[in-house]
Amino acid sequence: MFYLSEIEHTLRLPPHLLNLALNEAIKGELEGLFVDKVIAQLGLCISVYDIRSIDGGFIFPGDGASTYTVKFRLIIFRPFRGEVIAARLKESNAQGLRLSLGFFDDIYVPAVLMPNPSHSEPDPESRNQVRWIWEYEGEKYPIDGTDEIRFRVLEISYPSLPLNQDKDAKPFAPMLITGSLDADGLGPVSWWV
């Protein structure tokens, strides 16, 4: 789920940061550039782990900032296909579920990947949402926001940036995880204990 990835980046360090220790100033700038951002085919950057090397310190003509070539490692969130992860329910609608890990909210479980047989019905606690119910041997098991929900990762995708986006459209997500609840042990933890 979490990886260390080594990256080399050419970094422009603004002059107002030159009063700080070089490692501290560079780490702060790298965190501002990379933390909480998705790098396509790599994943979501969680933290700068360490700085391996700093080269350069060149000041280009007409620019007061120094430029460094920095090699560093990032902690990256990128689950693998088939991994089972526990998340919380973010929202529920007729198309399926949206789950959250707290630091990442773009996890979707489409209706076709819900436990079989299951159906949705209006949620009595929220007018805009539905509640998914799994029926097994005459019993009804609801999926609500009270328990952690275990899901299996089926796909991680990195959609391309849209050129135009409607004002009413949901915000662009640079990394999407598609999950499944259709297997033993998956779904709300209370189903299995």
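Just so we're clear, the structure is a prediction, and the values are computed from it rather than from any experiment. Both backbone and side-chain heavy atoms feed into the values below; hydrogens, waters and symmetry mates do not.
- A25 and L20 make their closest contact through CB-CB, 4.1 Å (heavy atoms, listed as atom of the first residue, atom of the second, distance).
- Closest of all the heavy-atom pairs between A94 and A111 is O-CB, 4.0 Å.
- The closest donor-acceptor contact from the side chain of S92 to the backbone of L97 lies at 3.5 Å or more, if one exists at all.
- Residue V130 is grouped with residue L89 when hydrophobic side chains (ILVMFWY) are merged at heavy-atom distances under 4.5 angstrom, including chains of intermediate members.
- Every pair tested for side-chain hydrogen bond (donor to acceptor under 3.5 Å, both in side chains) that includes a residue from residues 24-34 fails, sequence neighbours excluded, so the list is empty.
- Tracing side-chain contacts under 4.5 Å through hydrophobic residues (I, L, V, M, F, W, Y), one reaches L13 starting from I51; they form part of the same cluster.
- Residues Y49 and I54 do not share a hydrophobic cluster, clusters being chains of Ile/Leu/Val/Met/Phe/Trp/Tyr side chains in contact below 4.5 Å.
- Annotation: the span from L11 atom CG to F72 atom CZ amounts to 8.0 Å, rounded to 0.5 Å.
- Residue S118 holds its OG atom at 6.5 Å from CD1 of I143, rounded to the nearest 0.5 Å.
- Between atom CG of residue L176 and atom OG of residue S157 there is a gap of 4.5 Å, rounded to the nearest 0.5 Å.
- A chain of hydrophobic side-chain contacts below 4.5 Å, direct or via other Ile, Leu, Val, Met, Phe, Trp or Tyr residues, connects M1 to Y158.
- The aromatic rings of H9 and F34 sit perpendicular, their planes meeting at an angle over 60°, well past the 30° parallel limit.
- Within a 6.0 Å sphere centred on OH of Y3, other residues, nucleotides and ligands contribute more than 12 heavy atoms.
- Using modelled atom types, one side-chain atom of N93 and one backbone atom of G96 make a donor-acceptor pair closer than 3.5 Å.
- Expressed to the nearest 0.5 Å, how far CD1 of I107 lies from CG of L99 amounts to 6.0 Å.
- Not a single donor-acceptor pair under 3.5 Å links the side chain of W132 to the backbone N or O of D144.
- Counting heavy atoms from C-beta on, the side chains of I39 and I7 come closer than 4.5 Å.
- Inter-residue side-chain proximity for T67 and I59 is flagged as unmet; no heavy-atom pair is nearer than 4.5 Å.
- Among P142, P122, S120, the single residue meeting the side chain to side chain contact (heavy atoms under 4.5 Å, CB included) criterion with R131 is P142.
- No side-chain heavy atom of D106 sits less than 4.5 Å from a side-chain heavy atom of M175.
- Linking Ile, Leu, Val, Met, Phe, Trp and Tyr whenever their side-chain heavy atoms come within less than 4.5 Å puts I46 and V153 in one cluster.
- One finds the OG atom of S160 at 6.5 Å from the CZ atom of F172 (value rounded to the nearest 0.5 Å).
- Ring pair W134/Y141 is tilted by interplanar angle, where 30° to 60° counts as tilted.
- Sorted by first then second residue, the side-chain hydrogen bond (donor to acceptor under 3.5 Å, both in side chains) pairs that include residues 174-193, not counting sequence neighbours, are D147-S190.
- When side chains are defined from C-beta on, F151 counts as touching I85, because their heavy atoms get closer than 4.5 Å.
- The closest side-chain heavy-atom distance from L44 to I76 is not below 4.5 Å.
- Between the side chain of R98 and the backbone N or O of D105, at least one donor-acceptor pair lies under 3.5 Å.
- To the nearest 0.5 angstrom, L186 atom CG is 5.0 Å from R152 atom CZ.
- Within a 6.0 Å sphere centred on NZ of K37, heavy atoms belonging to other residues, nucleotides or ligands number more than 12.
- Proximity of a side-chain donor or acceptor of R88 to a complementary backbone N or O of S100 within less than 3.5 Å is not detected.
- G43 approaches R78 most closely through the heavy-atom pair CA-CB, 4.4 Å.
- Annotation for Y136: atom OH does not count as buried by contact number, only 12 or fewer foreign heavy atoms lying within 6.0 Å.
- Remark: side-chain polar atoms of R150 are not paired, donor with acceptor, to backbone N or O of V84 under 3.5 angstrom.
- Heavy-atom minimum distance, P159 versus P174: CD-O, 3.5 Å.
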